Amino acid sequence: MRTLGIREVRQRYEILKETLDAEGEVILTHHGKPFARVLPIEPVKPRKKWQPHHELRALLPAQMTPSESLLAEEREDR
């Protein structure tokens, strides 16, 4: 972690980016007193595109036993 004076940053803005890339965190000072901490923004992970329901159903394995039979068996067990 490195400290930079606000005057340095104003005179040469790229020093802030260079320091962030090298250090990962920068403390900004004004008259020698820290007033801000600058952190790099982490890249946002792209969200997965939503799939339509029919595409999701196509990925599921086919059910061999009909639902009526499964329900009837469950009712008998009660």
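Keep in mind that this is a model prediction, so the values were computed, not measured. By convention here, the first residue in the shown sequence is residue 1.
Note that CG of D77 and CD of E73 are 7.5 Å apart. Values are rounded to the nearest 0.5 Å. Atom CZ of R7 sits about 7.5 Å away from atom NE2 of H31, to the nearest 0.5 Å. Rounded to the nearest 0.5 angstrom, I6 CD1 and K33 NZ are separated by 15.5 Å.
With hydrophobic clusters built from ILVMFWY side chains whose heavy atoms lie under 4.5 angstrom apart, I27 does not share a cluster with L20. Residues I15 and Y13 share a single hydrophobic cluster, defined by chaining ILVMFWY side chains whose heavy atoms lie under 4.5 Å apart.
Contact between L28 and V38 at its shortest, heavy atoms only, is CD1-CG2, 3.8 Å. Contact detail for G5 and T29: the closest heavy-atom pair is CA-OG1, 3.4 Å. Closest of all the heavy-atom pairs between L59 and Q51 is CD1-OE1, 4.2 Å. Shown here for L39 and G24, the closest heavy-atom pair between the two residues is CD2-O, 4.1 Å.
Counted within 6.0 Å of CZ on F35, heavy atoms from surrounding residues, nucleotides or ligands total more than 12; the atom is thus considered enclosed.
Under 4.0 Å is where a charged nitrogen must lie from a carboxylate oxygen, and between R2 and E18 no such pair does.
Remark: side-chain polar atoms of Q63 are paired, donor with acceptor, to backbone N or O of T65 under 3.5 angstrom.
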